[in-house]
Amino acid sequence: MTLAATYTAVLGAMLATSSREQLSGVASAVVTVLFTSFVGLLIPGLASIHDPVAAFLAPGTSTDVTAAALQAAPIIFSTMVFQNIVPSVTKILNYDRLNTIVAIVIGSSIPTLMYFAWCFACVGGDTNPVAGVGGPLVSAFSAAAVTGSCIGCGMSLSEELDSFLQPSQAEREGFSVPVVALSVGVPLAAAFMFAGGEDFSVALKMAGAYGSPLLYGAIPVLMAWTQREKSLANTNDLVPGGLGTLSAVGVLTAAFVLQQLSSDLAGLFAQ
């Protein structure tokens, strides 16, 4: 607990005393460490694959791929949320739309490609996912991943709280101490509450099954739809793709939530 409190204090001090550009520089350095350690872990596994095509086309171990994918989908959705950092990225890039789109597309694609590459190395090669635990590469990768995630989450939460608590000062360079204290203090309190070994997977599943689809699927569609309705004469739509795309996203979000709700209710009544 002492280590967690010390780490949170250092993170909070950095968020409160640094500009967005400085925080972005620190995050870039952390990402460099993450990529370097990941490559060091990945290359031996890829080199041990004798037939890459056969490994890629090999069938999975699950007898029901659809059911397995639906069971894992809530946690996957919860861990893939990155929208909270978009306002900070947009400000760092001086509100340039093209640069922001490129940064978001590339930034959100790289973790997915890394995950696929690691799975490929583990399934098709001789990589043991737990063999390097405690080693320098795994330790460096873990520390870089946690630090980068903490900086990104801290910036996004501070950005959100700034817009609510101090809207007149939301455009200043850094974040205020009260806003940072709330951003890092609440997660620290939750960590202390669950320090006894309680399982976070149920909370992740609920967040991924209902919170993330509604917050990042349904609500943005309604906001974009409203924006289009209020600016019919404006040809420069903030959200490209047309009403068909918005409708598709809304329908898929509703279908996913209803499917999860049906599955949860069936499991509840089956007990």
Side-chain angles (χ1 to χ4, degrees), residues 11 14-15 18-43 45-46 52 56 69 72-73 75-124 127 137-138 140-160 173 175 204 207-208 212-213 215-217 219-221 223-224 227 236-242 245-246 248-249 252-253 256:
L11 175 65
M14 183 170 59
L15 291 173
S18 305
S19 66
R20 292 177 178 84
E21 288 74 15
Q22 291 171 331
L23 291 171
S24 177
V26 174
S28 297
V30 170
V31 169
T32 301
V33 175
L34 185 143
F35 285 162
T36 303
S37 57
F38 180 75
V39 169
L41 292 168
L42 182 65
I43 287 180
L46 293 179
F56 183 79
I75 294 180
I76 293 175
F77 279 140
S78 181
T79 56
M80 290 182 66
V81 170
F82 64 89
Q83 289 88 336
N84 288 346
I85 198 63
V86 171
S88 296
V89 173
T90 305
K91 291 181 179 180
I92 291 173
L93 297 176
N94 295 321
Y95 300 95
D96 186 286
R97 180 173 182 175
L98 179 60
N99 289 339
T100 302
I101 292 175
V102 171
I104 292 173
V105 170
I106 295 177
S108 59
S109 300
I110 290 176
T112 304
L113 296 176
M114 291 173 63
Y115 174 74
F116 287 155
W118 181 249
C119 290
F120 187 56
C122 292
V123 174
T127 300
L137 288 177
V138 173
F141 179 84
S142 302
V146 171
T147 303
S149 179
C150 287
I151 293 174
C153 290
M155 290 178 65
S156 64
L157 288 173
S158 298
E159 198 83 52
E160 292 286 343
E173 284 296 313
F175 304 109
L204 283 174
S212 294
L215 185 59
Y216 302 109
I219 294 178
V221 167
M223 293 173 63
Q227 179 265 332
N236 297 321
D237 290 313
L238 295 178
V239 182
T245 301
L246 294 177
V249 174
L252 290 174
T253 300
F256 176 78

Without placing hydrogens or testing angles, list every side-chain donor-acceptor pair under 3.5 Å for residues 142-158, not counting sequence neighbours.
unit_1, atom_1, unit_2, atom_2, d
S142, OG, V138, O, 2.8
T147, OG1, A143, O, 2.7
S156, OG, G152, O, 3.3
S156, OG, C153, O, 2.9
S158, OG, G154, O, 2.7
S158, OG, S183, OG, 3.1

ask   = Once you round to the nearest 0.5 Å, how far does CD1 of I101 lie from CG of L93?
value = 11.5 Å
message = Give me the atom names and distance for the closest heavy-atom approach of L23 to F175.
response = CD1-CE1, 4.1 Å
remark   = By side chain to side chain contact (heavy atoms under 4.5 Å, CB included), P52 pairs with (sequence neighbours left out) I49, F120
key: Partners meeting side chain to side chain contact (heavy atoms under 4.5 Å, CB included) with L113 (sequence neighbours left out)   = none
message = Quick one, V86 and I104 - any side-chain contact, counting heavy atoms below 4.5 Å?
response = yes
query = For the residue pair T100 and D96, what are the closest heavy atoms and their distance?
reply = OG1-O, 2.7 Å
Hey, can you pull the donor-acceptor pairs under 3.5 Å for the side chains in residues 32-39, sequence neighbours left out?
unit_1, atom_1, unit_2, atom_2, d
T32, OG1, S28, O, 3.0
T36, OG1, T32, O, 2.8
S37, OG, V33, O, 3.0
S37, OG, L34, O, 3.0

ask   = If every non-hydrogen atom of S108 is compared with every non-hydrogen atom of T112, which pair is closest and at what distance?
value = O-OG1, 3.5 Å
inquiry  = Between F141 and L137, is there a side-chain heavy-atom distance shorter than 4.5 Å?
reply    = no
ask   = With a 4.5 Å limit on heavy-atom distance, are the side chains of W118 and C122 in contact?
value = yes
key: Distance, nearest 0.5 Å, that separates CG of N94 from CG of N99   = 9.0 Å
query = Which heavy atom in L42 sits nearest to a heavy atom in A117, and how many Å separate them?
reply = CD1-O, 3.5 Å
message = I'd like to check Q22 versus M14 (side-chain heavy atoms, cut-off strictly below 4.5 Å). Are they in contact?
response = no
